[in-house]
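A short write-up of the structure that comes next.
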Protein chains: 2
Amino acid sequence: MDTISNKVDAKGRVSLPADYRAIVKDLSSEIVCYRSLSLPCIEGCLEETLDKLASDIETSTDFFSETQDNLTNLIFGDAKRFPFDSTGRILLSEKLLKHAQITTEAVFVGKGRKFQIWNPENWEKEEARIRAEALKNRPSLQPKEER
Amino acid sequence: MDTISNKVDAKGRVSLPADYRAIVKDLSSEIVCYRSLSLPCIEGCLEETLDKLASDIETSTDFFSETQDNLTNLIFGDAKRFPFDSTGRILLSEKLLKHAQITTEAVFVGKGRKFQIWNPENWEKEEARIRAEALKNRPSLQPKEER
DNA sequence: CAATTTCCCATGATATACCATATACATGTT
DNA sequence: AACATGTATATGGTATATCATGGGAAATTG
């Protein structure tokens, strides 16, 4: 999956890039979005992905566990279903847009089973950061003819 | 799923958010609410969820099941059915409202199989607390999210 | 019979579904 | 290679349906 930038209109509507939609659509007609815990971006995935995470938590802790309580609150309290309209758009909420500082342009970044939605400037910085990080951790990948 | 704030009128009536209702309604026309054991909020779920909890504990071989048994009894003693009116509202009792310190505004927080109802200010604090906690413990969650 | 509770209808606000246009992309043709 | 044509996507706007909420009528209770 690649990185695609789409416009966000005054109502907060964005087209989910066609490539993303194709993967999602026959499985279900809606996706689930929530604020990233550690980054200023929106995360999206299929509902089944969240369900799986939830049942993982349920089986690893008991009904009265405080950890479980916190996690389910965090995940399900923040996540929301976003159905598509007939042209393949979703209507993002104020809360999500604000968290990701998105106003008129949204960048979709594929992450395998999930994807992220960024403000263009923030994504640019984040990508640079990730690249720098990757190079630092894998010196062998660095071009040698540089010098 | 999702967190939604609705008004509580003078009679103690609140609309159950539409998204919540959709999941509940065809299963049964009423939900079950009770005071949270550990937090200043109301918890709600389907009756079948409580039934499942009870039978899970009956068949459990867990060493601590006696403690859980007691907790379950506490919940059952407190729980009460709340039917909807024709517009999808429930009438919360004085006891529940007082426990959650709710007067004019009620915040619904999704938790997957159940949900909580909070006083807005209390929820704000609680959410901040949970987020901070989750960030601290993030390393253990990370592997699951990554994939 | 008074007081409380339950039920139902009316309204305004909001979100959703639908339709129309514009843009980009790919395909095939001259 | 350039153009034209067709298809699929993206974007903008409007009508419609749904929901939250307030008020009041009917039913119930003490």
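Labels below follow one simple rule: chain letters A, B, ... track the order of the sequence lines, proteins then strands, and each chain is numbered from 1.
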Both A:Val14 and B:Ile4 contact DNA chain D. Taking the nearest nucleotide for each, which residue is further toward the 5' end? A:Val14
For B:Leu16, which contact category applies under a 4.0 Å heavy-atom criterion: base, sugar-phosphate, or nothing? sugar-phosphate
Looking at D:dA20, D:dG22, C:dC19, which one has an atom nearest to any side-chain atom of B:Arg89? D:dG22
In whole angstrom, what separates B:Glu105's CD from D:dT21's C1'? 12 Å
In whole Å, I'd like the distance from the CD atom of B:Glu94 to the P atom of C:dT5. 10 Å
For the side chain of B:Arg21, starting at C-beta, report the closest nucleotide among D:dC19, C:dC19, D:dT21. D:dC19
Between B:Arg13 and D:dA20, does any side-chain N or O lie under 4.0 Å from OP1 or OP2? no
Between B:Arg21 and B:Glu30, does at least one N-O distance fall below 4.0 Å, as a salt bridge requires? no
Which nucleotide, D:dA10, C:dC18, D:dG22, lies nearest any side-chain atom of A:Ser86? C:dC18
Whether over 12 other heavy atoms sit under 6.0 Å from A:Arg129 CZ: yes
B:Asp19 has an atom CG; how far is it from atom P of C:dA15, in whole Å? 12 Å
Are A:Arg81 and B:Asp2 ion-paired here, with the side-chain N under 4.0 Å from a carboxylate O? no
Would you kindly say whether B:Trp123 and B:Glu121 are connected by a side-chain donor-acceptor distance under 3.5 Å? no
Take atom CG of A:Leu97 and atom P of C:dA15, then tell me their distance rounded to the nearest Å. 12 Å
Judged by each residue's nearest nucleotide on DNA chain C, which is more toward the 5′ side, B:Lys11 or A:Lys80? B:Lys11
Could you check which of C:dC8, D:dT21, C:dA15 has an atom nearest any side-chain atom of B:Asp85? C:dC8
How many Å lie between CG on B:Asp9 and P on C:dT4, as a whole number? 16 Å
